[in-house]
> 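There's a structure below that I have some questions on.
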Amino acid sequence: MAESPTVQLSDRFGATQRRDFWWLQPLAVAIGLGLFAIYATLRAFQGHFYEWGPYLSPFYSPLIDPEHHWWPLSPAVLVLGGPLGFRTTCYYYRKAYYRAFFLDPAACAVGEARHNYGGETKFPLILQNVHRYFFYLSFVFLISLWYDAVRGFIWSGHFGAGVGSFILLINVALLTTYTLSCHSCRHMVGGNVDCYSCAKFGGARLSLWRRVTSLNEHHMLIAWTSLFFVAFTDLYVMLTAMGTIRDLRLF
Amino acid sequence: MAEAVLAVFRGTREGGTPVDYRVPIAPGMVVLDALHYIQGHLAPDLAVRWNCKAGRCGSCSAEVNGRPRLTCKTRLDSLPTDKTITVAPMKTFPLIKDLVTDVSWNYQVNKKIPAFSPRPGTDWKMSQADVDRAQEFRKCIECFLCQDVCHVLRDHQKQEHYAGPRFFVRVAGLEMHPLDNLSRIKSIKDQMGIGFCNITKCCTEVCPESIHITDNAIIPLKERVVDQFYDPLVWIARKFRRSGGT
């Protein structure tokens, strides 16, 4: 029996007795979200190379005033607020960036910097409660993106497909899955019902709630996959438009 | 025989320090077995709270290698025994002695939650589909590991304003109960302080019963609070309804 050289857990920032690489996850998230934010900002303000043939970059959809009749900046700036708001207020991303950027907490059972913590009770974070409105708004974007994906199969009035057509299609499928797996969606389709056997359309709502729940269980995975794929789709359209790569016409 | 070294916190509120004990490893041994070995052979005055040793009573909560866990469900062979294993009391609660903490604050919070309130003349028949959700919450064994790891309590000491994940689980079970006739939504927002939760999911990570605390209890409750307090459309509809009625 001997006294251990370690001391009892202090309250200082980062203090923990954890032995695992607890810092790895917030670091990976910070890098992933940081890289996406930089790429998306640069591309949104670039205002060029966002369409080629029947392809339109998802960052610019719906395409508004591309000829700059009344809007002097990049058309993407007009539309990015919707998807950005939806992702920023998303319950999964909140967890991700509270941990990775706010370090609040960086990881479980790891000491935090002292500050006047208000959680989501005060401005501006109380605004996270508007998530469902971005959810409603996301359908406007999904309709536009589905239109673009279908348009990606129409070449000079004829049905056809290039590699980009399928990239656009996979992108909108992932974004739709991400939207439908949202916690607010889960609440609205049936989560707010206490008695399915008593409520109007209770059976249908229960069935719908179960389906959304099965998607919601993978919300994190879908969130990351759709995030990277939307960037990849934009990159594909940009490189094609720049002539750096050639879109392979399949049929 | 292989040995593990456990650095077990020894002390009281006035102060203390981890003390190293060498424990022979037996097949299937859990951390609580090792603590019992220490009590039986090396330090008979070691204070450890335990009861069932089967992961059902929720008494033996502690922090093993910095992670809140039930010591009776943490096998030694799941830990790197070539290094010293730290065993410390739950940080969030006041220390009594060694690994025993005073968790009575939780019982005070629990008393404030309005109990199950069926409407008069309730027909006591329920469809299984209606109670499926609430049954998950009944698995809670009140080990308070979720309360221990929750940074709102652990680091920000908001005990005065925030009930903690354990009680959101309880209240979710009541709110979603098909026969309950009471709304606790205002209390969830104002007294229980659900807005302090920033859904970082540590409670879910440590739950030994694998209850999806954040996804199935806290977020649905947050959404119900939004329904009642932060949904402008619902607010406008209510205003219209009220002005139409006067």
Side-chain angles (χ1 to χ4, degrees), chain A residues 1-9 11 16-20 22 91-92 94-95 98-99 102 104-105 107-122 125-133 183-184 186-188 191-198 202-203 206 213 216-217 219, chain B residues 7 9 11 15-22 42-43 63 65-68 80 83-84 86 88 91 126-127 129-130 148-149 151-152 154-156 158 161-162 175-180 193 195-202 205-206 212 214-215 219-220 222-227 229-232:
Chain A
M1 183 172 94
E3 287 207 349
S4 168
T6 53
V7 291
Q8 198 190 355
L9 198 59
D11 284 333
T16 185
Q17 288 184 334
R18 284 180 63 169
R19 304 276 180 78
D20 57 336
W22 59 264
Y91 285 100
Y92 166 68
R94 274 144 79 175
K95 172 202 163 186
Y98 284 142
R99 283 197 187 193
F102 290 50
D104 204 3
C108 306
V110 173
E112 285 180 36
R114 297 278 127 184
H115 60 272
N116 187 19
Y117 180 79
E120 296 181 342
T121 61
K122 294 176 187 166
L125 295 179
I126 198 168
L127 294 177
Q128 304 280 27
N129 289 307
V130 302
H131 182 52
R132 63 178 58 178
Y133 285 89
H183 289 85
S184 287
R186 184 181 180 224
H187 174 73
M188 278 179 270
N192 52 1
V193 178
D194 294 336
C195 179
Y196 296 105
S197 57
C198 330
L206 175 62
T213 296
N216 179 262
E217 284 165 5
H219 196 49
Chain B
F9 179 83
T17 184
V19 177
D20 285 354
Y21 298 99
R22 301 189 83 83
L42 306 170
E63 299 189 5
N65 278 354
R67 303 195 79 135
K83 292 176 187 152
T84 301
T86 63
K91 180 178 182 286
M126 287 177 280
S127 154
D130 287 331
D148 178 45
V149 81
H151 72 125
V152 183
R154 184 185 180 95
D155 294 296
H156 301 293
K158 293 285 182 190
H161 311 285
Y162 180 68
E175 283 296 302
M176 293 176 194
H177 198 290
L179 300 183
D180 185 74
F196 283 102
C197 170
N198 68 346
I199 47 171
T200 41
K201 287 198 174 181
C202 289
E205 282 185 25
V206 302
H212 295 89
T214 319
D215 286 318
I219 293 175
K222 274 184 175 261
E223 284 292 314
R224 287 175 185 225
V225 169
V226 173
D227 280 343
F229 293 99
Y230 300 112
D231 189 325

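In what follows, chains carry the letters A, B, and so on, assigned in the order in which the sequence lines appear, proteins first and then strands, with residues in each chain numbered from 1. Keep in mind that the numbers below use all heavy atoms, side chains included, and drop hydrogens, waters and symmetry copies.
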> Do you know which of A:Tyr196, A:Tyr91, A:Tyr98 has the most heavy-atom pairs under 4.5 Å to chain B?
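Most pairs with chain B among the choices: A:Tyr91.
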> So which part of A:Val193 gets closer than 4.5 Å to some heavy atom of chain B, the side chain, the backbone, both or neither?
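The backbone, not the side chain.
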> Does one side chain, of A:His131 or B:Glu223, offer a donor that lies under 3.5 Å from an acceptor on the other?
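No, B:Glu223 and A:His131 have no side-chain donor paired with an acceptor closer than 3.5 Å.
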> Measure B:Asp180 against the heavy atoms of chain A and call it side chain, backbone, both or neither at under 4.5 Å.
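Contact with chain A is absent: no heavy atom of B:Asp180 under 4.5 Å.
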> Determine whether more than 12 heavy atoms belonging to other residues, nucleotides or ligands lie under 6.0 Å from atom NE2 of B:His156.
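More than 12 heavy atoms, drawn from other residues, nucleotides or ligands, come within 6.0 Å of this atom.
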> Do A:Tyr117 and B:Asn198 make a side-chain contact, defined as non-hydrogen atoms from C-beta onward lying under 4.5 Å apart?
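In contact.
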> Just so I understand: if I count every heavy-atom pair under 4.5 Å between each of B:Thr214, B:Ile219, B:Val152, B:Leu179 and chain A, which residue has the most?
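It is B:Ile219.
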> Among A:His187, A:Glu120, A:Glu217, A:Lys95, single out the residue with the greatest number of heavy-atom pairs under 4.5 Å to chain B.
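Heavy-atom pairs under 4.5 Å are most numerous for A:His187.
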> Does any backbone or side-chain atom of A:Asp104 lie under 4.5 Å from a heavy atom of chain B? Answer side chain, backbone, both or neither.
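Interface part for A:Asp104: both.
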> Decide if the gap between the ring center of A:His219 and the ring center of A:Tyr92 is smaller than 6.0 angstrom.
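No; A:Tyr92 has its ring centre 6.0 Å or more from that of A:His219.
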> When you check the gap from the basic side-chain N to the acidic O, do B:Asp215 and A:Arg186 get nearer than 4.0 Å?
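A salt bridge is absent here (no side-chain N lies under 4.0 Å from a carboxylate O).
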> Would B:Glu205 and A:Arg18 pass as an ion pair if we require N to O under 4.0 Å?
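No, no charged N to carboxylate O under 4.0 Å.
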> Picking from B:His161, B:Glu175, B:Met126, which has the most non-hydrogen pairs under 4.5 angstrom with chain A?
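Of B:His161, B:Glu175, B:Met126, B:Glu175 has the most heavy-atom pairs under 4.5 Å with chain A.
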> Please look at A:Ile126 and chain B and tell me whether the side chain, the backbone, both or neither of the residue comes under 4.5 angstrom of a heavy atom of that chain.
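The answer is the side chain of A:Ile126.
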> Is chain A contacted by the side chain of B:His177, its backbone, both, or neither, given a heavy-atom distance below 4.5 Å?
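For B:His177, the backbone is the part near chain A, not the side chain.
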> Could you check A:Asn116 against A:Lys122 for side chain to side chain contact (heavy atoms under 4.5 Å, CB included), going step by step and ending with a plain yes or no?
CA-CA 11 Å; A:Asn116 187 19; A:Lys122 294 176 187 166; 3.8 Å; yes
> Of the listed residues (B:Ala88, B:Gly66, B:Pro220), which shares the most heavy-atom pairs with chain A below a 4.5 Å separation?
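The candidate making the most pairs under 4.5 Å is B:Gly66.
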> Measure B:Asp148 against the heavy atoms of chain A and call it side chain, backbone, both or neither at under 4.5 Å.
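Answer is neither: B:Asp148 stays 4.5 Å or more from chain A.
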> Between A:Cys108, A:Gly118, A:Cys198, who has the most heavy-atom pairs with chain B when the cutoff is under 4.5 Å?
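Heavy-atom pairs under 4.5 Å are most numerous for A:Cys108.
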> Does any non-hydrogen side-chain atom of B:Thr86 lie less than 4.5 Å from one of A:Arg19?
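Yes - at least one pair of side-chain heavy atoms lies under 4.5 Å apart.
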